[in-house]
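Presented below is the structure to which this report refers.
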Amino acid sequence: MNIKNIENIVNGIVENEFNHTSDISASDFENENFEYKQKVLMTKAIREALKKDTTEEQQRLIRNLEDSISSEWVELCRFYFREGLRAGLSNLKFLNEIDNIECIL
């Protein structure tokens, strides 16, 4: 197996786990995190206010802007997920000394 094959396998694992983790944890996070709920409500209020005072074209641009910013943040989350995984596999090996560490995290 060459380095490119290994790289593809590792990238596939990271992508799969990123998607799996975000699917499972997002709903719990959204339900339990008060600060996040407040930000969601603020975003909804701002979006509704903008709808009242903007044209259809401006609303389309705002939606495109929101989509673009969301995509940027997802890519940044992927980066941090990968770096966290890298740290967990290398310089945080000592955490294996703690019994049931996966339950604590």
Side-chain angles (χ1 to χ4, degrees):
M1 189 176 295
N2 66 29
I3 190 71
K4 189 64 178 168
N5 289 347
I6 294 170
E7 185 177 300
N8 287 339
I9 290 170
V10 169
N11 287 337
I13 292 169
V14 169
E15 183 67 20
N16 182 63
E17 288 307 306
F18 176 81
N19 291 334
H20 181 256
T21 301
S22 60
D23 287 344
I24 290 175
S25 303
S27 62
D28 290 340
F29 175 76
E30 291 169 2
N31 291 330
E32 296 173 4
N33 189 294
F34 179 75
E35 187 176 340
Y36 178 78
K37 284 182 181 181
Q38 292 299 106
K39 293 190 183 305
V40 167
L41 290 174
M42 184 182 298
T43 300
K44 286 181 182 178
I46 293 168
R47 189 178 292 122
E48 289 303 313
L50 286 171
K51 278 185 182 179
K52 292 177 186 173
D53 297 326
T54 56
T55 66
E56 282 295 319
E57 176 62 15
Q58 290 168 330
Q59 289 177 31
R60 186 188 64 74
L61 288 171
I62 291 167
R63 283 191 305 273
N64 289 346
L65 175 64
E66 286 181 327
D67 290 347
S68 180
I69 291 170
S70 293
S71 294
E72 288 175 27
W73 278 101
V74 167
E75 290 309 311
L76 188 59
C77 288
R78 284 182 207 280
F79 167 77
Y80 281 121
F81 182 83
R82 179 180 291 278
E83 291 305 306
L85 182 60
R86 187 183 323 255
L89 293 173
S90 58
N91 56 346
L92 299 178
K93 288 181 182 176
F94 63 89
L95 289 176
N96 289 331
E97 300 294 321
I98 301 172
D99 290 334
N100 298 318
I101 186 67
E102 65 279 353
C103 295
I104 296 168
L105 297 173

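Keep in mind it's a predicted model, so treat the numbers as computed, not measured.
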- Distance in Å, S68 OG paired with L61 CG, rounded so as to fall on 0.5 Å steps: 12.0 Å

- Message: Can you tell me how far apart CD (E56) and NZ (K51) are? Round to the nearest 0.5 Å.
- Response: 9.5 Å

- Task: Go through E66 and R63 one step at a time and tell me if the salt bridge (charged side-chain N to carboxylate O under 4.0 Å, His left out) criterion holds.
- Result: CA-CA 5 Å; E66 286 181 327; R63 283 191 305 273; over 6 Å; no

- Query: Taking atom CD of E35 as the centre, does the number of heavy atoms from other residues, nucleotides or ligands within less than 6.0 Å exceed 12?
  - Reply: no

- Query: With a 4.5 Å limit on heavy-atom distance, are the side chains of N11 and R82 in contact?
  - Reply: yes

- Item | Residues R78, E75: salt bridge by 4.0 Å N-O rule | yes

- Can you tell me how far the CD1 atom of I46 sits from the CD1 atom of I62, to the nearest 0.5 Å? 11.0 Å

- Would Q58 and D53 count as a side chain to side chain contact (heavy atoms under 4.5 Å, CB included) if you check the C-alpha gap in whole Å, the side-chain angles of each, and the deciding distance to 0.1 Å? CA-CA 9 Å; Q58 290 168 330; D53 297 326; over 6 Å; no

- Listed by chain and number, what are the side-chain contact (heavy atoms from CB on, under 4.5 Å) partners of F81, not counting sequence neighbours? V14, E17, F18, T21

Ignoring hydrogens and angles, write down the donor-acceptor pairs under 3.5 Å from the side chains of residues 36-43, residues two or more places apart or on other chains.
from: K37; atom 1: NZ; to: N31; atom 2: O; distance (Å): 3.0
from: T43; atom 1: OG1; to: K39; atom 2: O; distance (Å): 2.9

- Task: Give, for atom OH of Y80 and atom CH2 of W73, the distance between the pair rounded to the nearest 0.5 Å.
- Result: 8.0 Å

